[in-house]
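What follows is a single structure, written as structure tokens, with notes after it.
Note that ligands are numbered from 1 as they come in the structure, with each ligand's atoms numbered from 1 the same way. Atoms considered below: every heavy atom in the structure, side chains included; atoms not considered: hydrogens, waters and symmetry mates.
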Amino acid sequence: MSALLEISGYRLAFDGFEGRAHVLDGIDLTVAEGETVGIVGETGCGKSVLARSVARLVDMPPGCVPGGGIRFAGQDVFAMDQRGLARLRGHGVAMIFQDPMTYLNPVFSIGSQMVDVIRAHDRAEGKPKRARAAARDAAAELLDAVRLPDPGRLLDRYPHELSGGMRQRVLIAMALTGTPRLLVADEPTTALDVTIQAQVLRLIAELVAARRLTLMLISHDLGVIGALCRRVVVMYAGTIVEDGAADVLFAAPRHPYTRGLLAAVPDLARPAHRARPIPGHIPNLLQPPPGCRFHPRCELAVGRCVAEKPPLRQVDGRLVACHRAEEAAA
Ligand code: SF4
């Protein structure tokens with residue numbers, strides 16, 4: 001499979017009142033066309049900012065310091081002009097966000113918003129803009145594809161008239177308007193109750209398979225990642241600490257942080273098994289710990305962990321950034 005997304009040495013730091021926050025620190029990640037990749041880690045570890053960087057959706061105010069590079073389908077996203085970015089967003093990368101109400105405009109009907117998006121994608125592709133009636137038909141087809149009942153009537157309704165699950169399906173339909181190659185779903189079910197969560201996850205899995213999409217799924221929920229993704233990337237404090245096939249990584253994690261994440265999940269089948277939280281907190285990224293950023297919370301930390309940042313290296317069929325990965329397995 002050819003590489004669709006290549007992130008190399010990507011760093012991001014923001015200057016604020018309190019100093020410079022080192023949000024991402026040397027991310028290396030290659031995603032092949034057709035892969036399903038889950039990115040997991042605690043809140044604040046940099047998952048979302050990494051995902052948004054792929055479509056250059058991160059605000060880069062003065063004082064923002066990026067480094068390294070991101071290429072999509074061989075093209076440098078930081079070298080793209082406005083026209084190139086318009087094509088990238090929609091035709092290359094589409095995003096589904098956590099809270100659809102934030103991304104749907106409350107004062108316009110669903111149909112009006114979808115028609116505008118479809119016509120904007122036509123313009124970005126250099127095609128003649130479809131007439132509004134034709135764009136409305138295309139919008140109804142997409143609502144039907146995400147299993148929303150009575151799409152014709154739904155187009156005339158407003159976001160506040162729909163349930164959370166329906167709004168999320170509308171957002172998924174809008175993400176498909178530009179026929180993207182990479183679908184980035186950032187915590188797409190966090191705001192939904194569990195039964196609706198399962199329906200939306202099943203829908204995403206079906207759409208990814210039917211449309212041969214590449215999927216990057218961001219979540220702090222290992223169950224969600226395990227259900228949809230064949231590969232898992234674990235992030236901690238702006239770095240990738242483990243990257244491998246989901247079945248390999250869940251069965252035998254090699255990074256102490258991945259082991260901690262799995263141990264923190266309650267096992268309802270074994271009530272006697274108590275979930276164990278990882279001690280401590282995500283570090284302050286204004287002054288990240290030197291060496292391995294996980295060392296203040298790691299029970300295996302030694303002097304080398306404070307002095308040297310561990311590189312990502314092959315251990316037991318996956319990549320791990322830990323000086324003591326072999327001992328962590330034991
Ligand atoms: Fe722990 Fe050291 Fe491995 Fe970091 S490098 S995870 S501190 S053992």
- Message: As a quick check of understanding, evaluate side-chain contact (heavy atoms from CB on, under 4.5 Å) for D116 and Q113, giving each step before the final call.
- Response: CA-CA 5 Å; D116 285 348; Q113 295 183 60; 5.9 Å; no
- Query: Excluding sequence neighbours, so at least two apart, what forms salt bridge (Lys or Arg N to Asp or Glu O under 4.0 Å) with R293?
  - Reply: D25
- Determine, stepwise, if the pair R254 / E242 fulfils salt bridge (charged side-chain N to carboxylate O under 4.0 Å, His left out). CA-CA 8 Å; R254 290 293 180 257; E242 192 159 0; over 6 Å; no
- How many protein N, O or S atoms sit closer than 2.8 Å to atom 2 (Fe) of ligand 1? 1
- Pair listing, side-chain hydrogen bond (donor to acceptor under 3.5 Å, both in side chains) test, anchored in residues 141-158, at least two apart: R136-D156, R147-E206
- Message: With heavy-atom distances below 4.0 Å as the criterion, list the atoms of ligand 1 near H255.
- Response: 6 (S)
- Task: Provide the full list of salt bridge (charged side-chain N to carboxylate O under 4.0 Å, His left out) pairs with a residue in residues 223-236, sequence neighbours left out, each pair given once.
- Result: E35-R231, R231-D243
- State the OG-CG distance between S48 and L57, to the nearest 0.5 angstrom. 11.5 Å
